[in-house]
Structure formats: structure tokens, C-alpha cells
Engineer: 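Here's a structure for you.
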Amino acid sequence: MFEYTLKRSKRRKTVAIKVAEQQLTVYAPHFVPRKDIEAWLKTKQHWVAEQVTKQSLHAEQCQFPIKNSQIKLFDQVIPLVFKQENCSQWYQDTDTHELTLAISPRVKLTDAKYLALMEEFLHDKLETYLEMRIQNYCIQMREALPTRLKIQHYKRRWGSCNRQRELTFNLHLVSAPLWVIDYVVVHELAHLKHMDHSAAFWQRVSEFYPEHKKASNWLKVNGPFLRWL
């Protein structure tokens with residue numbers, strides 16, 4: 001029997017399991033005996049093993065910038081150089097595209113600071129590209145510019161749009177090809193008129209991005225590997 005974390009609830013009526021980050025969690029009603037839970041889990045061992053293996057493969061294909069000294073920018077590999085200098089900063093060589101992440105000797109959590117600098121660089125690059133493409137597509141779509149553009153980490157989505165006309169994009173998109181990023185831009189701009197995924201919404205997306213299915217499928221297959229750890 002594999003190790004698991006048991007979480008009980010008085011409101012829950014059935015037993016359920018969840019595999020996330022290669023950890024198994026069992027959710028059960030407070031009245032179900034542990035021996036019954038473990039007996040039920042034995043019938044699920046094959047499924048759990050499959051999920052753990054699948055997640056392991058996904059984790060191996062994620063980006064490890066500190067370990068591998070590289071990161072993808074718009075689907076192109078960018079070499080990383082880690083240094084100690086008088087102050088913490090990032091700068092990129094215009095010829096080799098090599099990105100230097102320099103930190104002060106006073107920094108204690110060096111890996112965390114290197115990642116923070118790298119994300120600052122990637123945020124800057126993605127924001128610049130998004131601003132340009134949003135403006136271009138708004139002209140094509142005869143759409144007013146959004147009220148705000150934000151970039152942050154999402155676990156399960158690539159972008160979002162709210163009724164205040166604010167657009168938010170996943171920072172991990174910065175590692176995707178430009179044509180895939182363009183699809184996400186059009187997708188979110190289409191939500192400014194249609195806040196659902198109705199036929200009218202997809203018709204608008206298709207009008208301004210005919211290959212949206214190809215881009216969507218690319219994200220479904222490759223999206224998990226855009227993350228960095």
C-alpha cells in the first residue's frame with residue numbers, strides 16, 4: 001500500500017482520491033473506517049500508479065532554469081549565466097542573447113533571487129509583446145483597448161478577461177511560440193464582446209485567428225512543459 005494523506009469531512013458523503021505533484025490525498029466522510037478506505041484504495045492502485053508516472057514524465061519535461069542554465073523565450077532557448085556583482089540585476093547580450101542574472105553577495109536565498117530576476121526579465125519581454133499585439137488586434141477587431149493588462153502565474157489557464165475589460169495573461173506563455181501567444185490574445189479580446197464560449201464567441205475568434213484549433217491543440221499538448229521549476 002502506498003503512502004497517502006487522509007482528509008476527513010462531516011459534509012462529504014463519498015470517498016475520493018486526488019493525485020497532485022505525485023502526492024496521493026484521500027478525501028473521506030468522518031464515519032468511514034480507515035480499513036475500509038485502504039481496502040478501497042487497493043482496487044485503485046493501478047490508476048494511482050498511472051497518474052504518478054504521468055505526472056513524473058510531465059515534471060521531467062518542465063523547464064529547470066537553475067539546473068540547466070537555460071530558459072525558453074518565445075520558443076527559443078536562451079542561455080543563462082549566474083554571477084555575483086555589486087548589485088542584483090539582469091542584462092542580455094544583444095549578439096548572443098545570453099541572459100546574465102547577477103546578484104549581490106548579500107543575498108542569502110540565491111536560487112530564489114536568480115529566479116526572481118529571470119521572471120522580471122521574462123515579464124518585461126512578454127508585456128512588451130502583448131502590448132504590441134493587443135493594439136494591433138484591437139484595430140483589426142474594431143475593439144476598444146482593454147482597461148488594464150496584467151501578467152501573473154496561473155496553474156490552469158492561459159488568460160482571462162473580466163467585465164471591467166481587464167485582461168490577464170499567464171507568465172508561462174512567454175516560453176510559447178509567438179503564433180500561439182497571438183491565439184491567446186485573440187481569444188481574450190473576443191471575450192470583451194462575448195463573456196462565454198458560445199458559437200458567436202468562437203465565430204469571432206475564427207474570424208481573426210483562423211488556425212485557433214491548431215494553437216489550442218498545441219497548448220493542450222505542450223502547455224504543461226512551458227512551466228519552470
Engineer: Going by the ring pair (Phe, Tyr, Trp, His ring centres under 6.0 Å) test, which pairs reach into residues 141-167, not counting sequence neighbours?
Structural biologist: H153-H172

Engineer: Atom CZ of F121 and atom OG1 of T100: how far apart are they, to the nearest 0.5 Å?
Structural biologist: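 It comes to 10.5 Å.
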
Engineer: Could you list the donor-acceptor pairs under 3.5 angstrom formed between side-chain atoms of residues 67-87 and any protein atom two or more places apart in sequence or on another chain?
Structural biologist:
from: E85; atom 1: OE1; to: Q89; atom 2: NE2; distance (Å): 3.3
from: E85; atom 1: OE2; to: Y91; atom 2: OH; distance (Å): 2.6

Engineer: For R148, is the CZ atom crowded, meaning more than 12 foreign heavy atoms sit under 6.0 Å from it?
Structural biologist: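 Atom CZ in R148 is not crowded, with 12 or fewer foreign heavy atoms closer than 6.0 Å.
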
Engineer: With the side chain counted from C-beta on, respond yes when E119 and W228 share a heavy-atom pair under 4.5 Å apart, and no when they do not.
Structural biologist: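 Yes. Closest side-chain heavy atoms under 4.5 Å.
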
Engineer: More than 12 non-hydrogen atoms from neighbouring residues, nucleotides or ligands closer than 6.0 Å to NZ on K150, yes or no?
Structural biologist: yes

Engineer: Measure from the side-chain N and O atoms of Y137 to the backbone N and O of E143, and report whether any donor-acceptor pair falls under 3.5 Å.
Structural biologist: no

Engineer: So, R12 side chain and K7 main chain: donor-acceptor pair closer than 3.5 Å or not?
Structural biologist: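 Looks like no, no N/O pair under 3.5 Å.
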
Engineer: Between V48 and Q45, is there a side-chain heavy-atom distance shorter than 4.5 Å?
Structural biologist: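 Side-chain contact under 4.5 Å: no.
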
Engineer: Considering all heavy atoms of both residues, which atom of L171 and which atom of L122 are nearest to each other, and what is their separation?
Structural biologist: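 L171 and L122 have their closest heavy atoms at CD1-C, 4.1 Å.
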
Engineer: Verify the cluster assignment for Y129 and I134: are they in a single hydrophobic cluster under the rule of side-chain heavy atoms below 4.5 Å apart?
Structural biologist: yes

Engineer: Can you tell me if CD on E211 sees more than 12 non-hydrogen neighbours from other groups inside 6.0 Å?
Structural biologist: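 No, the 6.0 Å shell around CD holds no more than 12 heavy atoms from other groups.
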
Engineer: Treating Q92 as the side-chain partner and H97 as the backbone partner, does any N or O pair qualify as donor plus acceptor under 3.5 Å?
Structural biologist: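 Yes: the side chain of Q92 pairs with the backbone of H97.
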
Engineer: How about Q135: does its CD atom have over 12 heavy atoms from other parts shown lying under 6.0 Å from it?
Structural biologist: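 Not more than 12 within 6.0 Å, no.
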
Engineer: Okay, side chain of R157, backbone of N170: is any donor-acceptor separation there less than 3.5 Å?
Structural biologist: no

Engineer: With a 6.0 Å cut-off (strictly less than), is the heavy-atom count around CG of L109, excluding the residue itself, greater than 12?
Structural biologist: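 Atom CG in L109 is not packed in, count stays at 12 or less.
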
Engineer: Are any side-chain N or O atoms of T147 and backbone N or O atoms of R165, one a donor and one an acceptor, separated by less than 3.5 Å?
Structural biologist: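 Judged by distance alone, yes, a pair lies under 3.5 Å.
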
Engineer: Search all heavy atoms of T128 against all heavy atoms of D124 and return the closest pair with its distance.
Structural biologist: OG1-O, 2.9 Å

Engineer: Kindly say whether S88 contributes a backbone atom to a donor-acceptor pair with the side chain of S104 at under 3.5 angstrom?
Structural biologist: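 It does not hold such a pair.
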
Engineer: May I ask you to decide if the ring planes of H197 and H187 are parallel, tilted or perpendicular, using 30° and 60° as cut-offs?
Structural biologist: tilted

